[in-house]
Amino acid sequence: MLRPFNLEDLRDVQNIANISLQERYSSDVYLFIYQAQNSNFYVYTINNTVVGFICGLVESPDGARILMLAVKPNQRCRGIGSRLLDAFINSCVKHGMKKVKLEVRPSNTKAIFFYTKRGFQKQGIIDNFYTDGEKCISMVRYL
Ligand SMILES: CC(C)(COP(=O)(O)OP(=O)(O)OC[C@H]1O[C@@H](n2cnc3c(N)ncnc32)[C@H](O)[C@@H]1OP(=O)(O)O)[C@@H](O)C(=O)NCCC(=O)NCCS
């Protein structure tokens, strides 16, 4: 089931992020996104257990940015990531957004393939983007 994030999901979301993403974020980061105006934060649950999430912010009058998307390893390749992405995109369309941006590690070929197949195109490279010094590929999908 797909639904908006609530505070009780915080620990599960942080756990999924920690096993799925190389960056580490404190609870404050998730709380900031949750409390921000114009944020999009969804979780996907199976039997009331959170197995994936997506979050992002509106960053300009016509554009939003996906900050994190992750699905629990044992629940991947079942369409959950696609459903979370669809929910985010649909909300952006509903609010008149014209584009959605994100950043991904060049080494994360699976995610790059996932996003490319879903309409995102590479926009550029930002050096030294991640805390370990890896650059990022910025991607955009025009809505
Ligand atoms: C990227 C990520 C979120 C995708 O989530 P997911 O739930 O596996 O996504 P989906 O199941 O919707 O799609 C993944 C692939 O599985 C395939 N798939 C979907 N349902 C399937 C099924 N029932 N059986 C087999 N394969 C299936 C899809 O076709 C898709 O492949 P494709 O890209 O070739 O079309 C997930 O791999 C992840 O959490 N990765 C680690 C974190 C990460 O890298 N996040 C992005 C950082 S920017």
Side-chain angles (χ1 to χ4, degrees), residues 1-36 38-60 62-95 97-143:
M1 190 181 101
L2 196 137
R3 62 163 172 78
F5 170 92
N6 66 55
L7 285 177
E8 285 163 17
D9 302 321
L10 180 58
R11 185 187 289 254
D12 289 339
V13 162
Q14 202 168 6
N15 283 339
I16 293 169
N18 286 347
I19 53 175
S20 303
L21 303 168
Q22 282 174 255
E23 295 293 303
R24 289 290 166 271
Y25 303 101
S26 72
S27 308
D28 289 347
V29 172
Y30 302 93
L31 292 175
F32 173 81
I33 298 166
Y34 170 62
Q35 287 163 352
N38 300 326
S39 66
N40 276 322
F41 204 152
Y42 297 105
V43 296
Y44 194 91
T45 64
I46 296 177
N47 297 330
N48 291 323
T49 302
V50 177
V51 296
F53 75 98
I54 190 167
C55 61
L57 297 168
V58 172
E59 60 170 16
S60 67
D62 68 348
R65 165 171 264 116
I66 294 171
L67 298 174
M68 287 181 250
L69 166 64
V71 174
K72 235 175 163 173
N74 65 355
Q75 296 293 342
R76 289 181 193 158
C77 292
R78 296 177 181 189
I80 295 170
S82 300
R83 271 173 248 164
L84 286 161
L85 181 63
D86 284 349
F88 191 96
I89 299 279
N90 289 342
S91 170
C92 290
V93 170
K94 201 170 133 193
H95 290 95
M97 301 284 112
K98 300 281 181 250
K99 58 191 173 191
V100 174
K101 291 182 176 184
L102 59 86
E103 286 79 31
V104 60
R105 289 176 186 263
S107 57
N108 194 351
T109 47
K110 189 179 166 187
I112 294 168
F113 187 74
F114 172 88
Y115 288 126
T116 304
K117 205 163 172 185
R118 287 156 184 81
F120 285 83
Q121 49 192 273
K122 292 181 186 172
Q123 203 184 24
I125 287 178
I126 305 171
D127 283 326
N128 214 10
F129 183 80
Y130 294 101
T131 48
D132 63 1
E134 187 172 352
K135 58 191 166 196
C136 77
I137 295 178
S138 56
M139 302 186 81
V140 62
R141 173 170 158 181
Y142 293 98
L143 306 177

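Everything quoted here is computed from the prediction, not taken from an experiment. Both ligands and their constituent atoms are indexed starting at 1 by order of listing.
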Answer with yes or no after comparing the ring centroid distance for Y34 and F5 against a 6.0 Å cut-off, counting only values under it. yes

What's the shortest heavy-atom distance between K122 and I112, and which atoms? CE-CG2, 3.7 Å

Is the backbone of A17 close enough, under 3.5 Å, to the side chain of E23 for a donor and an acceptor to pair up by distance? no

Within the 4.0 Å heavy-atom sphere of ligand 1, strictly under, residues: S20, L21, L69, A70, V71, R76, C77, R78, G79, I80, G81, S82, E103, V104, N108, K110, A111, F113, F114, Y115, K117, R118

For residues Y130 and R105, is any side-chain donor paired with an opposing acceptor at under 3.5 Å? no

Tell me yes or no: between the side chains of R3 and T45, is some donor less than 3.5 Å from an acceptor? no

Over 60° means perpendicular and under 30° means parallel, so classify the ring planes of Y30 and Y25, tilted if in between. perpendicular

